[in-house]
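I have placed the structure first, in the form of structure tokens, so that the comments after it can refer back to it.
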Amino acid sequence: MAKRFIAGAVCPHCQKTDTLAMWRENNVDVVECVKCGHQMREADKRLADTHAWAGKIIGVFTPE
């Protein structure tokens with residue numbers, strides 16, 4: 001698993017710059033701060049976005 005650093009990125013937890021490493025695990029993007037260990041996953045982000053819209057979606061348009 002090859003990890004890449006994200007130049008100029010700031011950790012949302014500890015606010016340190018240039019400490020975020022990114023890799024792909026089971027088709028999910030993972031970002032981890034090498035200073036504080038805070039992790040973010042793309043799947044977590046999509047789940048949070050879904051919760052933000054909970055109860056606000058009226059319907060889904062499916063063209064035929």
Are any of the side-chain heavy atoms of Trp23 and Val31 separated by less than 4.5 Å? no
Measuring from atom NZ of Lys35 to atom SG of Cys11, what distance do you get when rounded to the nearest 0.5 angstrom? 11.5 Å
Taking all non-hydrogen atoms of both residues, which atom of Ala21 and which atom of Val34 are closest, and how far apart? CB-CG1, 4.3 Å
Could you go through the side chain to side chain contact (heavy atoms under 4.5 Å, CB included) check for Met40 and Glu32 one step at a time? CA-CA 6 Å; Met40 297 168 282; Glu32 180 180 45; over 6 Å; no
Does Asp18 reach the main-chain N or O of Ala7 with its side chain, forming a donor-acceptor pair under 3.5 Å? no
Report yes if the side chains of Cys36 and Lys16 come closer than 4.5 Å at any heavy-atom pair, otherwise no. no
Are side-chain heavy atoms of Met22 and Asp29 found at a separation under 4.5 Å? yes
Check against side chain to side chain contact (heavy atoms under 4.5 Å, CB included), Val10 and Gln15: CA-CA 6 Å; Val10 177; Gln15 303 302 312; 3.9 Å; yes
Heavy-atom closest pair (Arg41 atom, Val28 atom, distance to 0.1 Å) is CB-CG1, 4.0 Å
To the nearest 0.5 angstrom, please state how far the CD1 atom of Ile6 sits from the OG1 atom of Thr17. 12.5 Å
From CD (Gln39) to NE2 (His13), nearest 0.5 Å: 12.5 Å
